[in-house]
Colleague: 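Below is a structure I'd like to ask you about.
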There are 2 protein chains.
Amino acid sequence: MDAQLRDRWLATAHERLAAAGLRTGAARERVMECLARDAQCLVSVQELMDRLRRDGGGGSQASLYRILDELHGLGLLHRHVLPDGTSRYELALPGTRHHHFVDEASGRVEPFTDPDLERAIATAARRLGLRMTGHEVVITGRRAVTDGRDQGSSADAP
Amino acid sequence: MDAQLRDRWLATAHERLAAAGLRTGAARERVMECLARDAQCLVSVQELMDRLRRDGGGGSQASLYRILDELHGLGLLHRHVLPDGTSRYELALPGTRHHHFVDEASGRVEPFTDPDLERAIATAARRLGLRMTGHEVVITGRRAVTDGRDQGSSADAP
DNA sequence: TTAGATGCAAAGCTTTTGCAGGATA
DNA sequence: TATCCTGCAAAAGCTTTGCATCTAA
């Protein structure tokens with residue numbers, strides 16, 4: 001968990017909510033703190049619900065969905081839909097964009113970044129004559145059996 | 001609609017179904033013909049249902065879902081989930097893979113291909129040490145106002 | 001004759017909505 | 001005090017399942 005990212009997101013979020021003329025509510029504050037901490041990479045609504053309950057705060061499902069939709073509308077969250085049809089959210093902040101890999105073996109979603117891929121997407125959009133507002137890359141697969149072999153330099157930015 | 005693609009897919013599908021020891025059923029035949037014709041780029045289950053009804057054949061919703069799942073399991077269909085949570089299918093055949101662009105203005109989904117992008121994805125997967133079984137790229141945006149200007153060479157393979 | 005294939009209806013899941021009551025600025 | 005925020009419960013969609021029936025091989 002990146003504490004700096006968490007704080008930066010919380011600050012931005014509060015700022016933007018205030019600018020939108022919205023008030024401070026207990027439920028939303030709890031959700032936002034949970035997101036800032038646990039949604040640095042895609043989390044499902046169910047996972048969020050569980051963590052909120054575990055954190056003691058409680059909160060209703062309806063509020064959670066409403067709040068997520070609201071934050072997404074303000075551009076504070078990215079929203080993805082997995083092949084199973086459930087939606088997942090993660091913090092949206094400039095410079096933190098990443099792609100996703102779904103491990104078929106475990107069902108886990110993991111982030112990765114790749115400047116070349118990013119570039120290729122931008123180029124493709126330009127070729128198509130599009131003003132791109134967003135993009136999503138999901139690679140599905142399994143970890144190659146590494147048996148200790150070097151996997152080559154990580155595509156993840158350091 | 002690409003008649004050659006349609007026929008090639010139907011042939012492959014029949015072949016693979018037979019190889020899997022499955023029997024011929026009226027409902028599945030109708031669905032397959034509809035897919036071969038209308039699912040060369042992502043169609044929703046609802047759209048398929050409508051077209052099947054319009055074609056007169058009828059068929060139940062349960063069968064449609066079952067058949068789609070079955071064909072997907074045999075690798076004959078690609079399955080995508082759009083941001084609204086509904087799933088869409090399209091024919092899966094070697095050499096016909098393409099990416100998707102969602103036009104925010106119209107909500108339409110359109111296909112495009114881009115060898116460079118394809119390459120970038122393969123490279124990224126390799127770097128990550130993954131055995132890739134699938135990938136999905138969705139670009140969201142709007143068509144730039146072209147006002148007659150050349151958009152550059154199309155990213156679509158000729 | 002036997003294992004699939006199909007349709008109908010009901011159940012399951014995630015997500016959304018309606019409303020009344022409770023906060024915030 | 002006027003909005004906005006919350007929670008509860010019910011509703012809405014899309015998708016899956018159970019079960020009895022029909023059919024291809």
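Letters go in sequence order (proteins before strands), and every chain restarts at 1.
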Colleague: Side chain of A/Ala27 only, heavy atoms from C-beta on: which candidate in D/dT6, C/dC8, C/dT14 is closest?
Modeller: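 Nearest listed nucleotide: D/dT6.
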Colleague: Answer with yes or no whether the side chains of B/His100 and B/Glu136 bring together a donor and an acceptor at under 3.5 Å.
Modeller: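 There is no such pair (donor and acceptor under 3.5 Å, judged by atom type) between the side chains of B/Glu136 and B/His100.
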Colleague: Return a single string for nucleotides 18-25 of chain D, one symbol per nucleotide in 5' to 3' order, where B is base contact, S is sugar-phosphate-only contact and - is none, cutoff 4.0 angstrom on heavy atoms.
Modeller: B-----BS
Colleague: Assign B/Gly21 to base, sugar-phosphate, or nothing according to its heavy-atom contacts below 4.0 angstrom with the strands shown.
Modeller: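 Counting heavy atoms under 4.0 Å across all strands, no contact is made by B/Gly21.
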Colleague: For the side chain of A/Val45, starting at C-beta, report the closest nucleotide among D/dT6, C/dG7, C/dT15.
Modeller: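 Of the candidates, C/dT15 comes closest.
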Colleague: Would you mind reading off the distance between B/His72 atom NE2 and D/dT15 atom C1', rounded to a whole angstrom?
Modeller: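 Distance check: B/His72 NE2 to D/dT15 C1' gives 15 Å.
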Colleague: Find the distance B/Ile67:CD1 to D/dT16:C1' and express it as a whole number of Å.
Modeller: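 B/Ile67 atom CD1 is separated from D/dT16 atom C1' by 14 Å.
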Colleague: Taking NE2 from B/His80 and C1' from D/dT15, how many angstroms apart are they, rounded to a whole number?
Modeller: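 It works out to 19 Å between those atoms.
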Colleague: Could you work out which one of C/dT15, D/dT15, D/dG7 sits closest to the side chain of A/Thr86?
Modeller: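 So the nucleotide nearest the side chain must be C/dT15.
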Colleague: Is B/Arg6 paired with B/Glu33 through a side-chain N to carboxylate O contact shorter than 4.0 Å?
Modeller: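 Answer for the salt bridge query: no.
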Colleague: Is A/Arg37 close to A/Arg51 at the side-chain level, that is, under 4.5 Å between some pair of heavy atoms?
Modeller: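 Result no, sub-4.5 Å side-chain heavy-atom pair not found.
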Colleague: Is a salt bridge present between A/Asp116 and B/Arg127, judged by a nitrogen-to-oxygen distance below 4.0 Å?
Modeller: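 Salt bridge: yes.
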Colleague: Figure out the OH/C1' separation between A/Tyr65 and D/dG7, and round it to whole Å.
Modeller: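 Rounded to the whole Å, the gap is 16 Å.
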Colleague: Rounded to whole angstrom units, what separation is found between the CD atom of B/Gln46 and the P atom of D/dG13?
Modeller: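 These atoms are roughly 11 Å apart.
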Colleague: Check the angle between the aromatic planes of B/Tyr89 and B/His72 and answer parallel, tilted or perpendicular using the 30° and 60° thresholds.
Modeller: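 Perpendicular, since the angle between the ring planes exceeds 60°.
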Colleague: Please give, in whole Å, the distance from C/dT6 C1' to B/Asp69 CG?
Modeller: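 The answer, rounded to whole Å, is 16 Å.
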Colleague: Any side-chain N or O of B/Ser63 below 4.0 angstrom from OP1/OP2 of C/dT6?
Modeller: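 It does not, given that no N or O in the side chain of B/Ser63 lies less than 4.0 Å from OP1 or OP2 of C/dT6.
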Colleague: Taking atom P of C/dT15 as reference, at what distance in whole Å does atom CD of A/Gln61 sit?
Modeller: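 Distance check: A/Gln61 CD to C/dT15 P gives 9 Å.
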Colleague: Atom CE of B/Met32 to atom C1' of C/dA5: distance rounded to whole Å?
Modeller: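 It works out to 14 Å between those atoms.
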Colleague: When rounded to the nearest 0.5 angstrom, what distance separates CD in A/Gln46 from CG in A/Leu64?
Modeller: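 Rounded to the nearest 0.5 Å, the CD-CG separation comes to 9.0 Å.
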Colleague: Is A/Arg79 salt-bridged to A/Glu90, going by a charged N under 4.0 Å from an acidic O?
Modeller: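 No salt bridge links A/Arg79 with A/Glu90.
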